[in-house]
Amino acid sequence: MMLVPPMKKLCIMALASVTLGFASVTLGFPANAMDNALRAGLLKLDPQTRLEQRCDAEVLDRITHDDRKFKADRVVAYAFATPEMGADAIRSPGAAFRSKGQWYRLKFKCQTAPDHMVVLQLRYRIGDEIPEADWAKYNLYD
């Protein structure tokens with residue numbers, strides 16, 4: 001039996017592939033796919049913040065699901081560069097994520113439906129481990 005992350009239940013509708021080091025996933029969610037707490041919290045946010053938070057949550061889940069050596073629990077989309085925000089998409093070339101107490105570089109692109117509740121497409125690339133000596137400089141923490 002596969003355990004589903006407590007944050008939400010995922011329904012993969014289409015494609016999961018790895019191309020040039022990017023994991024590319026096209027996702028769709030039925031109305032009840034997210035747990036109620038996450039849904040309620042996202043709905044309280046302004047649209048741009050909701051877009052960022054929804055994509056952050058999705059990339060964390062995908063990293064953990066796609067590579068069992070990671071247990072991603074935190075993402076900082078702006079660690080090394082300011083994310084580029086579109087109406088329904090975010091490109092974060094300088095992100096970082098934490099797994100098992102260690103931080104790693106991350107790049108991701110995420111597109112959502114206009115309400116920013118459904119992730120339509122997610123591509124990401126995991127980079128190098130970030131030395132602990134650099135964490136404070138990039139506002140990363142234990």
Side-chain angles (χ1 to χ4, degrees), residues 1-132 134-135 137-142:
M1 184 168 102
M2 178 187 239
L3 293 177
V4 178
M7 192 180 331
K8 62 184 172 286
K9 296 178 183 175
L10 300 177
C11 291
I12 299 176
M13 289 177 46
L15 169 69
S17 65
V18 176
T19 307
L20 299 173
F22 272 85
S24 178
V25 181
T26 302
L27 302 169
F29 296 90
N32 63 352
M34 258 186 283
D35 85 8
N36 290 334
L38 178 59
R39 178 175 292 285
L42 287 171
L43 288 171
K44 292 177 183 176
L45 301 173
D46 66 85
Q48 285 300 101
T49 303
R50 182 184 312 143
L51 170 65
E52 182 180 346
Q53 293 298 312
R54 181 66 185 94
C55 288
D56 287 356
E58 189 62 38
V59 77
L60 288 175
D61 281 347
R62 297 310 311 160
I63 289 168
T64 298
H65 177 266
D66 293 345
D67 190 335
R68 294 295 181 175
K69 77 178 181 179
F70 295 113
K71 185 167 174 55
D73 66 354
R74 175 91 172 114
V75 66
V76 177
Y78 51 83
F80 299 96
T82 302
E84 299 168 14
M85 304 290 287
D88 300 325
I90 180 172
R91 179 178 169 272
S92 187
F97 77 95
R98 185 177 66 188
S99 174
K100 301 177 185 174
Q102 179 57 53
W103 286 93
Y104 299 85
R105 288 184 174 261
L106 174 69
K107 295 179 181 184
F108 70 90
K109 295 178 186 177
C110 176
Q111 180 182 357
T112 68
D115 68 357
H116 308 308
M117 296 298 289
V118 177
V119 174
L120 302 174
Q121 185 174 35
L122 174 69
R123 293 173 24 128
Y124 70 92
R125 181 184 307 164
I126 296 172
D128 294 334
E129 187 174 309
I130 302 165
E132 189 170 353
D134 292 343
W135 293 2
K137 178 170 43 174
Y138 298 110
N139 297 311
L140 307 174
Y141 53 86
D142 246 341

Chemist: Report the distance from atom CZ of Arg125 to atom CZ of Arg105, rounding to the nearest 0.5 Å.
Modeler: 13.0 Å

Chemist: Would you mind checking if Arg98 and Asp73 are paired as a salt bridge, meaning a charged N to carboxylate O distance below 4.0 Å?
Modeler: yes

Chemist: Taking the side chain as every heavy atom from C-beta outward, state whether Ile130 and Phe80 have any pair of such atoms under 4.5 Å apart.
Modeler: yes

Chemist: Do Ile126 and Phe70 come within less than 4.5 Å of each other through their side chains, counting heavy atoms only?
Modeler: yes

Chemist: Quick one: does Thr82's side chain have a donor or acceptor within less than 3.5 Å of a partner on Tyr78's backbone?
Modeler: no

Chemist: Using modelled atom types only, decide if a donor and an acceptor are shared between the side chain of Ser92 and the backbone of Pro83 within a distance under 3.5 Å.
Modeler: no

Chemist: So which atom in Ala96 and which in Leu140 form the shortest heavy-atom distance, rounded to 0.1 Å?
Modeler: CB-CD2, 4.1 Å

Chemist: Calculate, to the nearest 0.5 Å, the distance between atoms CG and CZ belonging to Leu38 and Arg54 respectively.
Modeler: 6.5 Å

Chemist: Give the minimum heavy-atom separation between Lys69 and Ser99, together with the two atoms involved.
Modeler: O-OG, 4.3 Å

Chemist: Under the 3.5 angstrom rule, does the side chain of Arg50 hit a backbone N or O of Met117 as a donor-acceptor pair?
Modeler: no

Chemist: Walk me through it: do Ile63 and Tyr104 pass the test side-chain contact (heavy atoms from CB on, under 4.5 Å)?
Modeler: CA-CA 11 Å; Ile63 289 168; Tyr104 299 85; over 6 Å; no

Chemist: Surrounding CG of Asp46 (heavy atoms of other residues, nucleotides or ligands, distance under 6.0 Å), is the total greater than 12?
Modeler: yes

Chemist: Closest approach of Phe108 and Ala77, non-hydrogen atoms and distance?
Modeler: CZ-CB, 4.3 Å

Chemist: Is a side-chain N or O of Lys107 found less than 3.5 angstrom from the main chain of Gly127, in a donor-acceptor match?
Modeler: no

Chemist: Taking atom CG of Asp88 and atom CD of Gln121, what is their separation to the nearest 0.5 Å?
Modeler: 13.0 Å

Chemist: Enter the distance from Ile90:CD1 to Gln48:CD here, rounded to the nearest 0.5 Å.
Modeler: 8.5 Å

Chemist: Which atom pair, heavy atoms only, marks the closest approach of His116 to Thr112?
Modeler: ND1-OG1, 2.9 Å

Chemist: So do the side chains of Phe97 and Val59 get within less than 4.5 Å of each other, counting heavy atoms only?
Modeler: no

Chemist: With rounding to the nearest 0.5 angstrom, report the CD to CD distance, Gln102 to Glu129.
Modeler: 3.5 Å

Chemist: To the nearest 0.5 Å, what is the distance between NZ (Lys109) and CD (Glu84)?
Modeler: 9.0 Å

Chemist: Do Trp103 side-chain atoms and Tyr141 backbone N/O form a donor-acceptor pair below 3.5 Å?
Modeler: yes

